[in-house]
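For reference, the structure discussed in these notes is given below.
The model shown is predicted, which means the values in this text are computed figures rather than measured ones. In what follows, every chain begins at residue 1, and chains take the letters A, B, ... in the order their sequences are listed.
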2 protein chains.
Amino acid sequence: MAPSENTEALSQRLATSGLRSTPQREVVYSILLKKRDHPTADEVYARVRSELPTISLATVYNCLETLVQCDLVRAVNFERGPTRYCPNLRPHAHFHDESTGRTHDIDLPPGVLDSLTRILPEGFDAKSIEITFRGQATDGRS
Amino acid sequence: MAPSENTEALSQRLATSGLRSTPQREVVYSILLKKRDHPTADEVYARVRSELPTISLATVYNCLETLVQCDLVRAVNFERGPTRYCPNLRPHAHFHDESTGRTHDIDLPPGVLDSLTRILPEGFDAKSIEITFRGQATDGRS
DNA sequence: AGTAATAATTGGAATAATTCCAATTCGCAA
DNA sequence: TTGCGAATTGGAATTATTCCAATTATTACT
């Protein structure tokens with residue numbers, strides 16, 4: 001796979017939003033793509049620092065926020081904890097494993113989101129749906 | 001409706017968990033039942049103080065946590081904001097209205113949760129599911 | 001190229017929500 | 001009625017995030 005491909009996608013998305021492509025934004029995004037384990041901002045910060053040692057935590061927050069605005073990344077909140085970041089753009093749910101604390105992406109079969117939308121009463125217009133499972137993943141998984 | 005009914009339920013749930021029924025716990029619970037608008041801990045604190053002026057915020061947090069443990073209340077988290085509390089025990093989703101900031105309960109037709117569980121791959125055992133819609137409620141609703 | 005205008009980054013301070021902790025107080029049981 | 005564990009309390013501490021003012025980078029224009 002061409003490493004420039006995603007960088008391209010990023011630049012384009014930023015451009016169409018009137019934003020600039022910067023080293024910080026590129027590295028933050030590439031870090032998210034590299035290891036899709038739903039890291040927190042702090043975790044992203046730690047990983048990015050090995051490539052960009054002078055980046056600040058505030059910038060990491062800014063970049064993540066920007067990526068969310070561009071719809072390249074989803075911000076995910078489980079219970080009280082810190083926000084986690086997910087670069088998976090396919091329609092998917094999250095499975096939160098209570099024993100390991102890990103979060104798994106669960107791809108959704110086509111139609112699931114539509115059929116959920118249909119249970120809404122008149123007058124409710126949903127722009128997005130989030131589905132979160134909580135339980136145990138008995139199986140060894142990444 | 002008998003006002004003692006819910007208090008009864010509370011005492012029983014607490015008892016079976018080896019916990020005590022206290023005035024603080026009872027009032028916090030009754031406040032949640034009285035106005036089901038998904039208040040934050042701070043909001044609960046404010047409401048409870050009119051009945052129990054000397055209660056502390058820490059106790060409100062403790063009571064809410066206890067009620068969640070007893071499965072009498074659900075803790076709900078939208079994006080970054082503070083945790084909100086919901087005494088609705090029926091299977092329901094949440095609709096978060098982005099224009100008003102309000103949260104509506106959406107009752108789920110029977111079978112929805114089961115059919116969602118069925119999309120999980122082998123090895124994933126879900127104990128609970130949360131469904132959150134985000135959008136606009138065009139209609140005037142409580 | 002030179003420069004103004006604008007956008008992005010930075011570090012640190014500030015805020016918000018929640019948890020922790022040690023000291024009291026309460027309620028039940030012997 | 002005394003004692004023990006549970007619950008409450010107030011305040012300090014912690015965590016996650018946002019804010020802000022100063023600097024730095026990038027772009028557009030001449």
Side-chain angles (χ1 to χ4, degrees), chain A residues 7 10-29 31 38-49 51-70 72-73 75-86 101 103, chain B residues 7 10-29 31 38-49 51-70 72-85 101 103:
Chain A
T7 305
L10 171 60
S11 306
Q12 294 211 355
R13 289 286 184 112
L14 289 170
T16 62
S17 302
L19 301 169
R20 292 174 185 169
S21 183
T22 68
Q24 289 88 344
R25 285 170 179 173
E26 278 170 26
V27 172
V28 165
Y29 186 45
I31 285 293
H38 307 84
T40 64
D42 265 332
E43 287 164 350
V44 172
Y45 179 49
R47 293 176 198 176
V48 168
R49 257 142 82 86
E51 270 181 71
L52 226 54
T54 61
I55 199 173
S56 74
L57 179 58
T59 299
V60 170
Y61 273 103
N62 290 339
C63 292
L64 289 170
E65 177 59 19
T66 301
L67 294 171
V68 170
Q69 295 308 308
C70 292
L72 283 167
V73 167
V76 179
N77 288 274
F78 293 128
E79 52 224 18
R80 289 130 224 240
T83 300
R84 296 175 169 278
Y85 296 89
C86 173
T103 297
Chain B
T7 306
L10 171 59
S11 306
Q12 294 211 354
R13 288 286 184 114
L14 289 169
T16 62
S17 302
L19 300 169
R20 290 176 186 165
S21 184
T22 68
Q24 289 88 346
R25 286 170 178 171
E26 278 170 25
V27 172
V28 166
Y29 186 45
I31 285 294
H38 306 85
T40 64
D42 266 332
E43 287 164 350
V44 172
Y45 180 47
R47 294 177 198 176
V48 168
R49 257 142 82 87
E51 267 181 71
L52 226 54
T54 60
I55 199 172
S56 73
L57 178 57
T59 299
V60 170
Y61 273 103
N62 291 339
C63 292
L64 289 170
E65 176 60 18
T66 300
L67 294 171
V68 170
Q69 295 308 306
C70 293
L72 283 167
V73 167
R74 266 169 69 178
V76 179
N77 288 272
F78 294 127
E79 51 223 20
R80 287 129 226 241
T83 300
R84 296 175 169 278
Y85 296 88
T103 298

*For A:L67 and A:L10, what are the C-alpha separation, side-chain angles and deciding distance, and is it a side-chain contact (heavy atoms from CB on, under 4.5 Å)?*
CA-CA 8 Å; A:L67 294 171; A:L10 171 60; 3.5 Å; yes

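- We find the OG1-OH distance between B:T66 and B:Y61 to be 14.0 Å, quoted to the nearest 0.5 Å.
- Residues A:L19 and A:C70 meet the side-chain proximity criterion, which asks for heavy atoms closer than 4.5 Å.
- Between B:R20 and B:L14, the closest side-chain pair of non-hydrogen atoms is not below 4.5 Å.
- Read 5' to 3', the first and last nucleotides of DNA chain D with an atom closer than 4.0 Å to a heavy atom of chain B are D:dG5 to D:dT18.
- Rounded to an integer number of Å, the gap from A:E65 CD to C:dT9 C1' is 16 Å.
- Rounding to the nearest 0.5 Å places OG of B:S56 at 8.5 Å from CD of B:Q24.
- Separation of atoms CG (A:N62) and CZ (A:R25) is listed at 8.0 Å; rounding is to 0.5 Å.
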*Is there a side-chain contact (heavy atoms from CB on, under 4.5 Å) between B:E51 and B:I31 once you walk through the steps?*
CA-CA 10 Å; B:E51 267 181 71; B:I31 285 294; 3.8 Å; yes

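- Each of B:T40, B:V44, B:N77 was compared with B:R84 under the side chain to side chain contact (heavy atoms under 4.5 Å, CB included) criterion, and only B:T40 meets it.
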Can you name the atoms? Protein N/O to nucleotides 15-18 of chain C N/O, anything below 3.5 Å, with the distance.
from   : atom 1 : to    : atom 2 : distance (Å)
C:dT18 : OP1    : B:T83 : N      : 2.8
C:dT18 : OP1    : B:T83 : OG1    : 2.9
C:dT18 : OP2    : B:Y61 : OH     : 2.6
C:dT18 : O5'    : B:Y61 : OH     : 3.4

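- Taking only side-chain nitrogens and oxygens, A:R25 comes nearer than 4.0 Å to OP1 or OP2 of C:dA8.
- Between A:P23 and B:Q24, the residue anchored closer to the 5' end of DNA chain D is B:Q24, taking for each the nucleotide with the nearest heavy atom.
- Atom-to-atom, CZ of B:R20 to C1' of C:dG27 comes out at 5 Å; the value is rounded to the nearest Å.
- For A:V60 and B:A58, each mapped to the nucleotide of DNA chain C holding its nearest heavy atom, the one lying further toward the 5' end belongs to A:V60.
- Using a 4.0 Å heavy-atom distance criterion, B:T22 is classed as a sugar-phosphate-only contact.
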